[in-house]
Amino acid sequence: MKAPLRILVVDDEAIVRDSLGGWFRQDGHSVDTADSAREALRRCEPGRYDIALLDIKMAGMDGLELQSRLLAADPALTIIMMTAYASVDTAVRAMKAGAYDYIVKPFDPDDLSILVKRAAEQRSLRAENQRLKQSLDTAAAPPPIVGASAAIRHVLDLVQTVSATEATVLVSGESGTGKELVARAIHAASPRRYGPLVVVNCGALPEGILESELFGHEAGAFTGARARHQGKFELADGGTIFLDEVGELSPKVQVELLRVLEDKAVTRLGARAPVKTDFRVVAATNRDLQERVKAGAFREDLYWRLNVFPLALPALRERSEDVRPLAEHFLTRFTASMSRKPIRLADEAAAALAAYHWPGNVRELQNAIERAVVVTRGDVLEASALPLAVTSGPSHPASGSLEEVERAHVEAMLRETGWNVSQAARVLAVDRATLYNKIRRWGLKRPVDA
Amino acid sequence: MRSVELHALGGLAPERARTLAARLSRRVGAPCRVAEAGAGPVALLPGRDQTDADALLAWLESQPVRDAVVLGVTAQDLAIPIFTFVFGRARSGGQAAVVSLARLDPAFYGLPADEELLVRRGVRELLHELGHLARLPHCDHPECLMRFAGSVEKADLRGAEFCDSCAERLPDWMRRGSP
Ligand SMILES: [Zn+2]
Ligand SMILES: [Zn+2]
């Protein structure tokens with residue numbers, strides 16, 4: 001037996017209520033009737049009925065108004081309007097206002113039977129979609145932000161607050177602190193979560209390619225542009241665009257970006273007219289953008305456009321109590337993904353992890369654990385499995401500015417890899433463009449005899 | 001022991017009523033006789049050339065009977081205000097039902113008359129309404145007599161038998177017959 005429906009029949013004529021009530025009960029459904037709009041509203045509450053049949057013309061309140069009030073009380077209610085020939089126009093208006101369908105009195109018994117069956121099928125389809133969406137929610141859930149420190153709890157609070165809004169977010173933090181993770185968390189908790197999350201690394205591409213990546217181009221816009229190409233802003237329509245390393249943008253692209261943010265529209269390279277697109281921006285930088293503004297390298301107007309809701313991520317060394325839980329989280333994850341038996345973290349290894357200053361932050365920790373899982377044969381992760389940089393004691397200068405510490409570390413890594421920039425970037429958990437920028441900034445030179 | 005009393009209404013030919021009674025009696029395995037009483041009220045729906053099925057049902061329900069089920073069979077087209085027509089009417093658990101032969105007749109659809117087909121459809125419709133009197137709701141089984149049919153084609157499709165689970169819920173007196 002098919003699932004019985006819960007049906008509400010609203011009509012001021014007793015004969016209609018009685019005969020429809022009897023008819024639906026004969027079909028195995030449960031039926032309530034109401035002789036007025038007021039009675040219908042009194043009975044209706046979220047989830048109480050599957051289908052309501054409303055007479056479009058009743059004394060007191062017309063069916064259209066009753067429909068909008070019932071839908072306000074229970075948005076999931078399926079409404080079928082009952083109408084006389086004379087008021088079919090009104091019924092069509094009702095459908096535009098959210099009625100599922102209408103049926104003209106007197107009904108052909110077969111028509112009503114088919115209509116109700118179809119409405120029931122549509123409802124179960126909708127319920128199925130709902131379930132699917134929920135499972136998608138779980139599947140698309142971003143990796144958790146792990147940690148119990150006050151610093152990270154504060155970040156999680158801010159993420160939750162800003163998710164519900166449309167505000168542009170500027171995430172700042174050192175490389176590897178999890179800026180993209182935060183962007184994903186914001187997107188996943190926002191009303192745009194069923195829309196796309198489009199990620200652009202602004203520091204990784206030369207100016208010309210980045211422009212066409214961001215804004216798209218028409219066929220023939222430049223040599224080699226054979227086909228039309230949709231830009232990331234267009235692809236982010238209905239969703240979120242994550243602009244990573246926004247501090248690396250060239251002055252020209254900064255101007256173009258500012259215009260897109262102001263107009264909520266993009267003009268593809270080589271196109272005449274802009275295309276409207278509905279995106280939300282989360283930007284990120286590992287630079288001090290305010291410093292860059294002062295230095296004249298970053299437009300102040302763009303800075304203020306992006307910095308609507310600033311969100312600063314703590315460096316891992318500022319939340320050292322999270323190192324062990326994070327390490328154990330990665331340990332569990334990698335042993336599972338490599339189909340390995342559980343591996344325990346040796347105390348000595350944990351101590352080494354805690355003592356290290358993690359210039360590459362969480363990403364460096366993650367890489368260290370991944371590497372250690374690969375080299376570990378037994379069920380204990382020993383300190384010897386950790387990268388040399390972690391275990392070689394306080395090799396890093398105990399004093400000195402953050403930048404000095406970072407520079408020393410980067411130099412050490414470049415030396416260790418024989419100036420293989422790609423490999424060093426991987427170890428440092430930054431992308432190559434970032435590493436090149438640092439090399440340039442600090443004027444690091446490859447030793448001639450290397 | 002339960003029996004069926006069949007009222008010929010709305011100009012139904014007496015031989016047709018007797019044929020229906022005999023066939024139904026064989027199906028349920030209980031006596032089924034044609035009543036001698038009056039022809040019932042002729043109540044037309046306002047503005048429609050159709051008999052008010054509920055008025056007819058009310059009259060049948062008011063007939064004095066002892067331990068019998070009252071079935072009305074009419075040659076007139078039946079309807080109720082909310083529907084363009086009905087094949088029959090019965091209250092779940094009631095003791096009377098009414099069935100119209102009008103739309104079971106191939107002639108209604110411009111097809112050649114077929115007495116055997118008409119009687120066969122009439123008996124099935126009566127059995128369907130008897131099912132409602134036995135408190136059976138409509139059934140989803142594609143070939144069950146208790147499946148709802150909004151057209152004569154669909155009524156023909158559902159066949160002549162109750163499905164097993166509906167048959168199980170029929171009262172004993174309706175289960176002694178042969179198909
Ligand atoms: Zn029925
Ligand atoms: Zn059945």
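Quick note on labels: first sequence line is chain A, next is B, and so on, each numbered from 1.
A cation-pi arrangement, defined by a distance under 6.0 Å to the six-membered ring centre and an angle within 45 degrees of its axis, is absent between B/Arg103 and B/Phe87.
Looking at A/Ser113, its side chain never comes within 3.5 Å of a backbone N or O of A/Pro109 through a donor-acceptor pair. Checking side-chain atoms of A/Tyr100 against main-chain N and O of A/Met95 turns up no donor-acceptor pair under 3.5 Å.
Residue contact with chain A, scored on non-hydrogen atoms closer than 4.5 Å, involves the side chain of B/Arg89 exclusively. For B/Arg91, no part lies near chain A; criterion is any non-hydrogen pair under 4.5 Å. For B/Phe148, the part sitting under 4.5 Å from any heavy atom of chain A is the side chain, from C-beta outward, and nothing else.
The existence of a salt bridge linking A/Lys276 and A/Asp237 is excluded, since no basic side-chain nitrogen approaches an acidic carboxylate oxygen closer than 4.0 Å.
The choice from B/Ile82, B/Ile80, B/Leu136, B/Asp54 that makes the most heavy-atom pairs within less than 4.5 Å of chain A is B/Ile82.
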